[in-house]
Visitor: 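Structure in structure tokens, see below.
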Amino acid sequence: MTYARIVGTGSYLPPRVMTNDEFAARLDTSDAWIRSRTGIAQRHIAGKSQASSDLALEASSRALEASGLKASQIDLIIVATSTPDYIFPSTACLLQAKLGVKGCPAFDVQAVCSGFVYGLATADALIRSGQYKTALVVGAEVFSRILDWNDRGTCVLFGDGAGAVVLAAASAPGIHASVLHADGSQVDLLSVPGNVCGGAIVGSPFLQMNGQGVFKFAVRVLEEVARETVAAAGMSMAQVDWLIPHQANVRILEATARKLGLPAEKLVVTVDHHGNTSAASVPLALDEFVCAGRIRPGHRVLMEGVGGGFTWGASLATL
Ligand code: UT7
């Protein structure tokens, strides 16, 4: 039996750090409000010349280095992003070119904040099928480009960044189980309902959100899909060493861990210093805890995404 195993992680945050006080200087908000309602203290913002593929390249290079594999040894590239460099070609193709390789399939996954988990589940299935032996799965976002910087209800929440993992075929798991879901009837909870038509933007190019609606939906489905995934793996919640939910709001993360009966020590929190980086949030958090020596080989990690669509899903992996 073939499984897919995470053999390297990497991440990248653009150097520019934006604090809550910078928002308070120009909007009717405060550091105290943002911290108490979201847990966010700061976020990173990409430079003008940095696109998602640039962030993805840095994260991917670090993941490749950690894996000991060269870019030329990668059989499949998947990039999860809602902020692609172009309408087309895909950010994955642009990343492939920046990595200096060609030939292997490369495509984007669009599942907003669930994108990384969707990409991981897809790569896992393709490796388990025997079609590919290695894969690079990346979450990369420049959400700062799709925010209305005058809307205090959304612009304080998000940040830019990228995270990546290298997967390789192995005789033992690896990824034990993944469960994915979507409910397209919830499209209005969270969207960027604009498009380009005839050389003009039609609709809004800014992120729109029903904050409380998203909050309630997220807390419900993050609990449900965590239980489904652990059951699909034939394990119990007590066997999970780390929970990495999509880093949206510390109140959502803590409520999810509480409902699952997981102690605070098993909950990975990076939203305080990354903000919500959408598809990048889970691999960014994973890499930070791996590099800090907290998540170690043999640990079981439950990764969860939830976001626009609505989409949600989870993957349980032994590192
Ligand atoms: O990847 C998924 C992405 N989305 C999310 O994760 C969002 C999930 N939702 C949330 O995190 C929370 O709903 C928010 C942080 C967005 C809002 O927190 P809340 O506790 O649900 O606040 P609320 O929407 O009920 O708003 C309470 C008040 C409102 O004022 P009034 O109507 O009571 O006068 C808002 O206008 O807080 C106001 N408010 C703010 N005040 C200061 C909204 N944003 C801000 C702000 N600073 N930045």
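The shown structure was predicted, so the numbers you read here are calculated from the model rather than taken from an experiment. Atoms within a ligand are numbered from 1 in the order they appear, just like the ligands themselves. These values consider heavy atoms only, across backbone and side chains, with no hydrogens, waters or symmetry-generated copies.
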Visitor: Show me which atoms of ligand 1 lie under 4.0 Å from any heavy atom of His246.
Guide: 1 (O)
Visitor: Between Arg258 and Glu254, does at least one N-O distance fall below 4.0 Å, as a salt bridge requires?
Guide: no
Visitor: Tell me, do Ser11 and Glu288 make a side-chain contact under 4.5 Å, heavy atoms counted?
Guide: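 They are not in contact (no side-chain heavy atoms under 4.5 Å apart), so the answer is no.
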Visitor: Could you name the option among Phe217, Phe310, Phe23, Trp33 that has the heavy atom nearest to atom 43 (C) of ligand 1?
Guide: Trp33
Visitor: Relative to the heavy atoms of Asp28, which atoms of ligand 1 are at a distance of less than 4.0 Å?
Guide: 42 (C), 47 (N)
Visitor: According to a hydrophobic-cluster definition based on side-chain heavy atoms being under 4.5 Å apart (Ile, Leu, Val, Met, Phe, Trp, Tyr only), do Leu99 and Ile78 belong together?
Guide: no
Visitor: Answer with yes or no whether Gly153 contacts ligand 1, where contact means a heavy atom under 4.0 Å from a ligand atom.
Guide: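 It does, in that a heavy atom of Gly153 comes within the 4.0 Å cut-off of ligand 1.
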Visitor: Would atom 28 (C) of ligand 1 count as contacted, meaning some protein heavy atom under 4.0 Å?
Guide: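 No; the ligand atom in question lacks any protein heavy-atom contact below 4.0 Å.
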Visitor: Protein heavy-atom contact under 4.0 Å for atom 11 (O) of ligand 1?
Guide: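 So atom 11 (O) of ligand 1 has protein heavy-atom neighbours under 4.0 Å.
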Visitor: Note the single closest protein heavy atom to atom 48 (N) of ligand 1, along with its residue, its atom name and the distance in Å.
Guide: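 Protein heavy atom at minimum distance: Arg152 O, 2.9 Å.
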Visitor: Which of these, Asn276, Val306, Val214, has its nearest heavy atom closest to atom 1 (O) of ligand 1?
Guide: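 Looking at heavy atoms only, Asn276 sits closest to atom 1 (O) of ligand 1.
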Visitor: Have a look at Arg251, Arg37, Lys216 and point out the one with the heavy atom closest to atom 26 (O) of ligand 1.
Guide: Arg37
Visitor: Between Arg227 and Glu304 (salt bridge meaning N to carboxylate O under 4.0 Å), is one present in this structure?
Guide: no
Visitor: Protein heavy atoms near atom 40 (C) of ligand 1, is at least one of them under 4.0 angstrom away?
Guide: yes
Visitor: Just so I know, are the side chains of Leu267 and Pro245 near enough to count as touching, which here means a heavy-atom distance under 4.5 Å?
Guide: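 Yes. Closest side-chain heavy atoms under 4.5 Å.
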Visitor: Looking at Glu65, I'd like to know if its CD atom is crowded, meaning that more than 12 non-hydrogen atoms belonging to other residues, nucleotides or ligands lie closer than 6.0 Å.
Guide: no
Visitor: How far apart are the C-alpha atoms of Asp28 and Arg152, what are their side-chain angles, what is the distance that settles it, and do they pass the salt bridge (Lys or Arg N to Asp or Glu O under 4.0 Å) test?
Guide: CA-CA 7 Å; Asp28 182 15; Arg152 68 178 183 172; 3.4 Å; yes
Visitor: Just to confirm my output: which protein heavy-atom neighbour is closest to atom 6 (O) of ligand 1, and how far is it?
Guide: Ala248 CB, 3.3 Å
Visitor: So does Ala51 get a backbone contact from the side chain of Asp54, meaning a donor-acceptor N/O pair under 3.5 Å?
Guide: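 Present.
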Visitor: Near Met209, which atoms of ligand 1 are under 4.0 Å from a heavy atom of that residue?
Guide: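 Listed by number with element: 4 (N), 5 (C), 7 (C), 16 (C).
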Visitor: Pull out every atom of ligand 1 sitting under 4.0 Å from any heavy atom of Thr38, numbered as shown with elements.
Guide: 15 (C)
Visitor: Could you walk me through whether Asn249 and Thr38 satisfy the side-chain hydrogen bond (donor to acceptor under 3.5 Å, both in side chains) test, starting with their C-alpha distance in whole Å, then the side-chain angles of each, then the deciding distance to 0.1 Å, before giving a yes or no?
Guide: CA-CA 5 Å; Asn249 180 324; Thr38 72; 5.7 Å; no
Visitor: Can you tell me which residue and heavy atom of the protein come closest to atom 47 (N) of ligand 1, and the distance to 0.1 Å?
Guide: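 Residue, atom and distance for the closest contact: Thr29 OG1, 2.6 Å.
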Visitor: Ser82 vs Gln110, test: side-chain hydrogen bond (donor to acceptor under 3.5 Å, both in side chains). Steps then yes/no.
Guide: CA-CA 6 Å; Ser82 298; Gln110 163 55 292; 3.0 Å; yes
Visitor: Kindly confirm or rule out an N or O of Gly211 lying under 3.5 angstrom from an N or O of ligand 1.
Guide: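 Min N/O separation from ligand 1 is below 3.5 Å for Gly211.
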Visitor: To which protein heavy atom is atom 21 (O) of ligand 1 closest, and what is the distance rounded to 0.1 Å?
Guide: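 Its nearest protein heavy-atom neighbour is Gln212 CG, 3.4 Å.
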Visitor: Quick one: does Lys259's side chain get under 4.5 Å of Val219's, heavy atoms only?
Guide: yes
Visitor: So is there a nitrogen or oxygen of Ser30 less than 3.5 Å from a nitrogen or oxygen in ligand 1?
Guide: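 No, since none of the N or O atoms of Ser30 sits under 3.5 Å from an N or O of ligand 1.
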Visitor: Quick check on contacts: which atoms of ligand 1 are under 4.0 angstrom from a heavy atom of Asn249?
Guide: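 Going through ligand 1 atom by atom, the ones under 4.0 Å from Asn249 are 10 (C), 11 (O), 15 (C).
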Visitor: Think Arg5 forms a cation-pi with Tyr3, using NZ or CZ under 6.0 Å from the six-ring centre and within 45 degrees of its axis?
Guide: no
Visitor: What atoms of ligand 1 come closer than 4.0 angstrom to any heavy atom of Cys113?
Guide: 1 (O)
